[in-house]
*Asks:* 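Would you mind keeping the following structure in view while I ask a few things?
Order of listing sets the numbers, starting from 1, for every ligand and every atom in it. Since the structure is predicted, the reported quantities are computational estimates derived from the model, not experimental observations.
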Amino acid sequence: METTTVKNRNEWYRLLPKMDELLAQDWAKALIDIYGRTPVMTALRTGLEQIREEIPGLYTKEELMDALKLYPAQVRKTLAMTNERHFKRVHNATGVVLHTNLGRAPMSKKLLAEVTQQLIGYSNLEYDLNAGQRGERYAHFNERICAITGAEDCLVVNNNAAAVLLMLSALGKGKEVIVSRGEQVEIGGKFRIPDIMDQSGCRRVEVGTTNKTRIEDYAEAITEETAALLKVQTSNFKIVGFTQTAEREELVALGREKGLPVLEDLGSGVLVDLSRYGMAKEPTVQDSLKAGVDLVTFSGDKLLGGPQAGIIVGKKCYIDKLKKHPLTRAMRIDKFTAAYLETLFCYYQDLRVAERTIPVLRMLSASKEELKDRAERLRALLLEEIERNRQVYDVHVLPESESVCISVVECESAAGGGSLPGETLPSYGVRIEGPRLHPDQVTERLRKGDEPVILRTLDGGLLFDVRTLEDEELPIVADAVARNIP
Ligand SMILES: *Cc1c(COP(=O)(O)O)cnc(C)c1O
């Protein structure tokens with residue numbers, strides 16, 4: 001008996017399909033169209049290898065036939081898994097508009113669609129189509145930025161940290177730059193103003209104290225060696241109580257008197273007066289330039305709502321110096337950023353259009369009625385999905401006391417991204433709670449799902465703040481949540 005089985009098994013190996021036979025089959029050809037020949041061959045071979053290894057443990061030929069029947073599906077699954085992208089869209093139900101871990105400013109579908117058309121194939125990135133000669137990559141948006149901010153000139157580099165480093169390197173290297181002790185801040189991700197100042201090669205002269213710096217402190221510190229006065233927007237924390245800072249106007253007057261440029265790192269560069277949306281007034285880029293600051297730097301992907309970038313606006317004589325500095329070439333933006341910025345600033349020409357189009361502004365300016373309506377729609381979709389899942393999977397209905405409770409609640413969202421410290425915005429969300437609900441477990445499952453949803457847990461329940469969810473995301477979120485709650 002024993003010998004026959006082994007002999008039979010040896011024959012079974014001959015039942016395994018050959019590679020050329022497999023490649024001639026329609027399902028394999030279809031996979032090659034999607035994934036290409038080499039990955040498909042690798043997956044086919046791996047799958048066969050697995051079946052081959054299983055043969056010694058099989059008892060009947062039927063078992064082998066079953067394994068071969070499952071083989072195409074197995075190959076498909078392997079290919080889908082190896083082809084899965086690590087970089088994914090996630091659904092942000094935290095209510096934090098500028099979430100540093102979630103890519104800061106969300107990108108706009110509309111803007112991306114427009115920009116994609118410009119980026120396919122070649123472009124006039126550095127080509128002047130009128131003159132038929134070399135052009136500048138900054139020419140696409142310079143005039144627009146200047147028109148909106150009121151600046152004489154501008155320059156854009158990779159991010160705001162780079163902008164600050166460039167500004168200090170070009171104007172302060174080997175000389176002294178005066179800054180208040182109250183503004184020697186850490187922004188996050190280990191970006192510290194004092195480190196950047198040291199890196200630029202300027203000598204850091206700190207004046208005043210943590211809570212108080214007067215204009216006289218700057219005046220007394222000025223020497224022959226002083227190159228500039230630096231102001232930093234302390235955008236991620238608040239010092240309250242016995243405090244004082246020198247006003248922009250005072251710094252500008254002092255700079256003018258001594259012939260020194262006043263530089264400002266504005267951090268979250270906002271172009272819109274946020275008090276329109278019921279938030280505290282954050283100085284706008286225009287305010288800073290109007291006060292006479294010579295160079296202002298700010299981020300592209302914070303409150304501006306654009307791509308990662310460091311935008312420098314101000315006096316032409318200083319921008320010219322920055323343009324000539326070798327670091328500028330090392331920090332230059334790519335074509336995606338150039339195209340996205342031009343389109344973004346086009347929409348900024350009309351505030352009402354900007355509020356409708358740019359996701360950050362749309363989220364910050366959303367009215368309470370709008371948010372409440374969206375939360376109610378999310379709740380309705382959720383109930384629908386849960387009911388549908390019950391019917392499909394024939395799950396028995398839990399008694400009232402054990403099932404989850406889904407309600408629309410008021411909550412607080414935040415601007416985030418190190419902007420508007422301590423400020424929250426009244427918002428609406430959907431809250432889910434129940435005796436059989438394990439918030440941490442559901443949160444983890446939603447995070448690891450095909451359509452990852454990031455949310456907050458609150459007092460033993462789940463909270464989905466709808467401020468940071470677009471309408472088109474509601475059905476996706478409802479589906480993911482319905483599949484993951486008891
Ligand atoms: C965020 C921020 C930065 C860094 O900007 P990135 O665009 O992230 O490089 C620098 N300074 C201030 C004050 C900031 O708030």
Side-chain angles (χ1 to χ4, degrees), residues 96-107 145 154-169 171-172 177 179-200 202 204 206 210 213 228-239 245 248 251 262-271 274 279-280 282-285 287-289 293 295-314 322 327-328 330-334 336-338 340-341 344 360 414-423:
V96 179
V97 177
L98 299 168
H99 199 303
T100 307
N101 300 147
L102 305 184
R104 269 206 202 149
M107 301 237 114
I145 296 184
C154 81
L155 178 65
V156 180
V157 291
N158 258 323
N159 51 48
N160 189 34
V164 177
L165 179 61
L166 172 63
M167 176 169 78
L168 293 170
S169 305
L171 303 178
V177 173
V179 65
S180 159
R181 287 203 172 85
E183 296 174 0
Q184 288 292 57
V185 297
E186 171 169 322
I187 307 305
K190 300 253 168 67
F191 172 84
R192 290 178 166 178
I193 291 292
D195 294 341
I196 291 284
M197 292 187 76
D198 295 349
Q199 196 63 42
S200 75
C202 75
R204 173 161 45 95
E206 296 178 8
T210 305
T213 306
L229 310 176
L230 174 67
K231 184 165 180 59
V232 180
Q233 180 69 22
T234 55
S235 48
N236 56 0
F237 69 99
K238 233 179 198 164
I239 294 186
T245 52
R248 257 180 213 93
L251 274 176
V262 176
L263 317 175
E264 179 166 17
D265 172 10
L266 206 50
S268 197
V270 61
L271 298 179
L274 294 175
M279 282 171 265
E282 173 108 333
T284 62
V285 177
D287 288 339
S288 183
L289 289 171
V293 174
L295 283 184
V296 179
T297 77
F298 57 99
S299 272
D301 58 352
K302 290 188 185 169
L303 289 171
L304 186 71
Q308 179 189 304
I311 302 171
I312 312 167
V313 291
L322 267 54
L327 272 180
T328 303
M331 297 169 171
R332 79 174 184 187
I333 52 165
D334 71 325
F336 170 80
T337 307
Y340 201 99
L341 273 181
L344 182 82
V360 167
S419 56
L420 312 173
E423 286 241 1

*Asks:* With a 4.0 Å cut-off on heavy atoms, is Val164 touching ligand 1?
*Replies:*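 For ligand 1, residue contact (heavy atoms, under 4.0 Å) with Val164 is absent.
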*Asks:* Has the side chain of Thr297 got a donor or acceptor atom that lies under 3.5 Å from a matching backbone atom of Asn160?
*Replies:* no
*Asks:* Using modelled atom types and a 3.5 Å cut-off, is there a donor and acceptor pairing between side-chain atoms of Ser200 and backbone atoms of Met197?
*Replies:*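 Such a contact is found between Ser200 side chain and Met197 backbone.
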*Asks:* With respect to atom 2 (C) of ligand 1, which of Lys302, Lys231, Arg192, Glu183 exhibits the smallest heavy-atom separation?
*Replies:*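 Comparing heavy atoms across Lys302, Lys231, Arg192, Glu183, the nearest one to atom 2 (C) of ligand 1 lies in Lys302.
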*Asks:* Has Glu183 got a side-chain atom pairing as donor or acceptor with Val232's backbone, closer than 3.5 angstrom?
*Replies:*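 Side chain of Glu183 to backbone of Val232, a donor-acceptor pair under 3.5 Å: yes, one is there.
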*Asks:* Using a 4.0 Å cut-off to any heavy atom of Ala161, which atoms of ligand 1 qualify?
*Replies:*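 With Ala161 as reference, the close atoms of ligand 1 come out as 4 (C), 5 (O), 6 (P), 9 (O).
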*Asks:* May I ask you to list the atoms of ligand 1 that are less than 4.0 angstrom from any heavy atom of Arg104?
*Replies:* 6 (P), 7 (O), 8 (O)
*Asks:* Is the shortest N/O to N/O distance between Asp265 and ligand 1 below 3.5 Å?
*Replies:*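 Yes; at least one N/O pair falls below 3.5 Å.
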*Asks:* Using a strict cut-off of 4.0 Å, indicate which atoms of ligand 1 neighbour a heavy atom of Gln233.
*Replies:* 13 (C)
*Asks:* Suppose I only count heavy atoms of Asn159 and a 4.0 Å limit; which atoms of ligand 1 are within that range?
*Replies:*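 Every atom of ligand 1 under 4.0 Å from some heavy atom of Asn159: 7 (O), 9 (O).
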*Asks:* Say whether, by atom type as modelled, one donor and one acceptor occur between the side chain of Ser268 and the main chain of Leu303 under 3.5 angstrom.
*Replies:*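 Pair found, side chain donor or acceptor close to backbone of Leu303.
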*Asks:* What part of Gln308, side chain from CB on, backbone N/CA/C/O, both or neither, has a heavy atom under 4.0 Å from ligand 1?
*Replies:*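 Neither; nothing of Gln308 gets under 4.0 Å from ligand 1.
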